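From a predicted model like this one, the values you see are computed outputs, not experimental measurements.
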Amino acid sequence: SLDKHHIQLDHNIDLIKQIYPDRPPVPGHQVFEHDIRFAVQNRVQKIEAVREAMPPKVDYHLISTLDDIAWLLNLRSSDVPFNPVFIAYIVIGRNLSYLFIDPRKVPDALARKLASEGISIYPYDEVKTFLSKLPAGETILIDKHKTSIGLYSCIPSEKIAYGNTIPIRLKAIKSDQEVSHIRQAMRKDGVALTRLYRWLEDRLKTGSVTEAEVANQLAEFRSQQEDYFGESFGAIVGYKGNGAIVHYNPHPDSCASIWNEGILLLDSGGQYADGTTDITRTTALGEPTSVQKRDFTLVLKGCIALTNIQFPEGTKGIQLDTLARQYLWQHGLNYGHGTGHGVGYFLNVHEGPQGLASSISRGKTALEPGMVTSNEPGFYKAGEYGIRTENLILTEVAEENEFGRFLKFSTLTHFPIDATLIDKDLLTDVERQWLNNYHQEVFDQLSPVLMPEEV
């Protein structure tokens with residue numbers, strides 16, 4: 001039956017080639033090293049950690065997820081928009097590693113350095129030949145959720161061992177040094193956003209500005225920060241009803257013009273050598289209604305509740321997701337997306353394995369110290385406005401006692417929350433204190449790196 005299965009897979013691949021004969025070529029951007037002062041751990045150490053995690057009877061580990069390859073090798077590129085990764089495969093052996101990539105993408109000096117570290121470079125398309133000719137009696141670990149049919153069909157079934165892609169968890173747990181760098185990236189992002197909102201306020205005093213112009217201007221302010229590489233995704237700039245479209249992206253030819261009225265939702269992020277950012281702020285450009293203030297405050301209360309929770313080690317994202325929704329639920333309201341996703345380190349802005357979500361598939365992973373996750377409850381009224389408040393949060397150890405180890409979150413994002421949208425009567429004393437403390441921390445972090453007139 002396995003032979004029949006392979007025949008069917010081959011047939012499916014042939015059909016795909018017939019349907020998509022003009023598949024675009026593999027991008028040819030150059031690969032470069034992620035500076036060790038930011039990467040912290042060298043690739044030899046990372047590869048050795050993968051080998052140590054490989055099951056004893058496994059000889060090789062196939063890794064096909066681009067962000068895991070980039071993290072493992074401390075290499076970056078521009079093959080995928082907004083994500084600093086490159087098209088490649090890697091097979092980790094017990095003694096040597098095999099990188100399958102277009103050799104023209106790797107500078108000669110870097111290729112020699114990789115070779116000296118036990119990493120051999122082969123043409124990208126040779127990975128299938130390699131997999132089909134594994135030595136007799138040897139096995140390769142593959143992740144069936146991360147491996148394409150094309151690669152899977154090349155490997156003799158008796159040589160396959162199933163498991164998770166090992167670097168996924170390793171890269172999700174940031175070291176203390178990486179967290180320190182991330183905090184610096186957050187400060188830079190806060191500076192760029194401060195300048196963006198000041199620019200927006202000035203422009204709206206005399207006229208309007210389009211959603212696309214806001215996105216472009218924010219990218220410009222971010223580009224003025226040290227070690228900036230690009231945006232981490234296309235900015236969601238949603239004015240009034242467009243803010244209710246969760247993954248809205250403004251097009252210069254058709255986007256809305258923003259005026260000094262209504263509500264603006266801005267969800268954006270930057271790629272810096274010292275971290276990846278993702279932040280959403282909802283801003284009142286005119287006098288908000290009592291209903292808008294209520295909705296905004298219910299979302300904020302959920303964000304604070306999740307931030308302030310202390311929980312036992314082993315708690316999964318699906319168990320925490322409810323905390324951010326509870327106040328909306330009490331008013332018969334909800335939102336249709338997850339509350340949070342993992343965030344990479346100068347890598348993909350959406351990164352596994354953890355997530356704060358009501359679905360088992362995204363929320364089944366336990367939170368661990370060092371994980372960086374978004375906290376972004378929201379509310380959307382179709383055709384009228386969207387509300388989302390998003391900070392990035394770090395999982396840390398809170399305490400350890402006879403009941404075990406307990407964890408907590410600390411907030412990494414540094415930027416104010418619009419107080420004009422808050423119904424203060426709906427806040428508890430604890431929530432008021434959190435908000436005041438947060439704004440004081442934002443001021444303490446940003447004021448030393450802003451110009452005096454920007455504070």
Side-chain angles (χ1 to χ4, degrees), residues 31-77 84-86 88-101 110 113-121 127 138-147 160-182 273-276 313-314 342-348 351-354 365-373 394-397 405 407:
V31 171
F32 61 90
E33 291 203 75
H34 188 202
D35 195 314
I36 191 61
R37 65 192 172 102
F38 297 127
V40 179
Q41 190 179 27
N42 67 52
R43 59 181 151 261
V44 173
Q45 294 170 316
K46 290 181 176 180
I47 289 172
E48 191 55 40
V50 169
R51 288 177 175 141
E52 290 176 1
M54 288 165 57
K57 295 183 179 180
V58 164
D59 303 287
Y60 303 94
H61 181 24
L62 169 65
I63 302 170
S64 57
T65 40
L66 305 187
D67 55 332
D68 292 305
I69 297 170
W71 174 84
L72 183 65
L73 298 180
N74 288 344
L75 300 178
R76 301 292 190 270
S77 189
V85 298
F86 50 94
Y89 300 104
I90 192 168
V91 175
I92 304 298
R94 285 295 176 183
N95 299 305
L96 298 173
S97 300
Y98 310 87
L99 176 63
F100 298 89
I101 187 173
L110 177 57
K113 187 175 182 181
L114 292 173
S116 71
E117 296 168 336
I119 304 165
S120 299
I121 295 176
V127 64
E138 296 191 345
T139 59
I140 184 166
L141 176 68
I142 71 166
D143 188 332
K144 63 182 179 180
H145 300 294
K146 306 291 184 181
T147 304
I160 295 176
Y162 294 103
N164 296 323
T165 299
I166 292 171
I168 289 178
R169 179 181 173 275
L170 297 178
K171 78 176 188 302
I173 299 174
K174 279 60 176 177
S175 69
D176 290 343
Q177 289 172 282
E178 288 173 323
V179 169
S180 178
H181 289 309
I182 292 169
D274 44 358
T276 299
E313 189 172 38
V343 179
Y345 179 62
F346 187 31
L347 273 174
N348 297 358
E351 177 179 280
Q354 81 276 19
T365 298
L367 278 296
E368 297 185 62
M371 288 182 169
V372 175
T373 311
L394 171 71
T395 306
E396 298 179 316
V397 176
R405 191 158 74 152
L407 308 179

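- Taken to the nearest 0.5 Å, the CE atom of Met54 stands 14.5 Å off from the NZ atom of Lys57.
- Ile119 is listed as a side-chain neighbour of Ile47, based on a closest heavy-atom distance under 4.5 Å.
- Of the possible donor and acceptor atoms, none in the side chain of His181 sits under 3.5 Å from a partner among the backbone N and O of Ala273.
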Worksheet item: Is there a side chain to side chain contact (heavy atoms under 4.5 Å, CB included) between Leu75 and Leu110 once you walk through the steps?
Response: CA-CA 10 Å; Leu75 300 178; Leu110 177 57; 3.9 Å; yes

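- Rounding to the nearest 0.5 Å places CD1 of Ile63 at 5.0 Å from CD1 of Ile92.
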Item to complete: Decide yes or no on side chain to side chain contact (heavy atoms under 4.5 Å, CB included) for Ile168 and Glu351, but give the supporting numbers first.
Response: CA-CA 9 Å; Ile168 289 178; Glu351 177 179 280; over 6 Å; no

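- Among Asp68, Val31, Ile90, the single residue meeting the side chain to side chain contact (heavy atoms under 4.5 Å, CB included) criterion with Leu73 is Ile90.
- Inter-residue side-chain proximity for Ile182 and Val343 is flagged as unmet; no heavy-atom pair is nearer than 4.5 Å.
- Between Ile140 and Asp59 there is no side-chain heavy-atom pair separated by less than 4.5 Å.
- Here the closest heavy-atom approach between residue Lys171 and residue Lys174 is recorded as O-NZ, 3.1 Å.
- Trp71 CH2 to Leu66 CG: the interatomic distance, rounded to the nearest 0.5 Å, is 15.5 Å.
- Checking side-chain atoms of His61 against main-chain N and O of Val50 turns up no donor-acceptor pair under 3.5 Å.
- For the pair Glu368/Pro353, no side-chain contact is recorded, criterion being any heavy-atom separation below 4.5 Å from C-beta on.
- Across Ala88 and Ile69, no two heavy atoms sit closer than the pair O-CD1, 3.2 Å.
- The shortest distance between side-chain heavy atoms of Pro369 and Arg405 falls below 4.5 Å.
- No donor-acceptor distance shorter than 3.5 angstrom exists from the side chain of Thr395 to the backbone of Leu407, with no hydrogens or angles considered.
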Practice prompt. For the pair Ile160 and Tyr162, evaluate side chain to side chain contact (heavy atoms under 4.5 Å, CB included) and give the outcome as yes or no after the intermediate values.
Written response: CA-CA 6 Å; Ile160 295 176; Tyr162 294 103; 3.6 Å; yes

Practice prompt. Test Val127 against Tyr98 for side chain to side chain contact (heavy atoms under 4.5 Å, CB included), laying out the working first.
Written response: CA-CA 9 Å; Val127 64; Tyr98 310 87; over 6 Å; no

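- Judged by distance alone, with hydrogens and angles left aside, the side-chain atoms of Ser64 form a donor-acceptor pair with the main-chain N or O of Lys146 at under 3.5 Å.
- Contact of the Glu117 side chain with the Asn42 side chain is not registered, since no non-hydrogen atoms from C-beta on lie closer than 4.5 Å.
- By the 30° and 60° cut-offs, the orientation of the rings of Phe346 relative to Phe32 is tilted.
- Side chain of Thr276 to main chain of Leu347: a donor-acceptor pair is present (N/O by atom type, distance under 3.5 Å, no hydrogens or angles).
- Distance alone, capped at 3.5 Å, is enough to place a donor-acceptor pair between the Thr147 side chain and the Asp143 backbone.
- Note that OG1 of Thr165 is 11.0 Å distant from CG of Leu170, once rounded to the nearest 0.5 Å.
- When the shell of 6.0 Å around CZ of Arg51 is examined, it contains more than 12 heavy atoms from other residues, nucleotides or ligands.
- Salt bridge status for Glu33 with Arg43: present, with a side-chain N to carboxylate O gap under 4.0 Å.
- Taking all atoms of both residues into account, the shortest heavy-atom contact from Glu178 to Phe38 is CG-O, 4.4 Å.
- Interatomic distance, Tyr60 OH to Thr139 OG1, rounded to the nearest 0.5 Å: 9.5 Å.
- Within a 6.0 Å radius of NZ in Lys46, other residues, nucleotides and ligands contribute more than 12 heavy atoms.
- Note that CG of Asp35 and CZ of Arg76 are 11.5 Å apart. Values are rounded to the nearest 0.5 Å.
- Contact check for Arg169 versus Asn164: no side-chain heavy atoms found under the 4.5 Å cut-off.
- Using a 4.5 Å cut-off on side-chain heavy atoms (C-beta onward), Tyr345 and Val372 make no contact.
- Here the closest heavy-atom approach between residue Val91 and residue Phe100 is recorded as CG2-CE1, 4.0 Å.
- Of all heavy-atom pairs between Phe86 and Ser77, the closest is CB-CB, 3.6 Å.
- Nearest heavy-atom pair across Pro55 and Arg94 is O-NH2, 2.7 Å.
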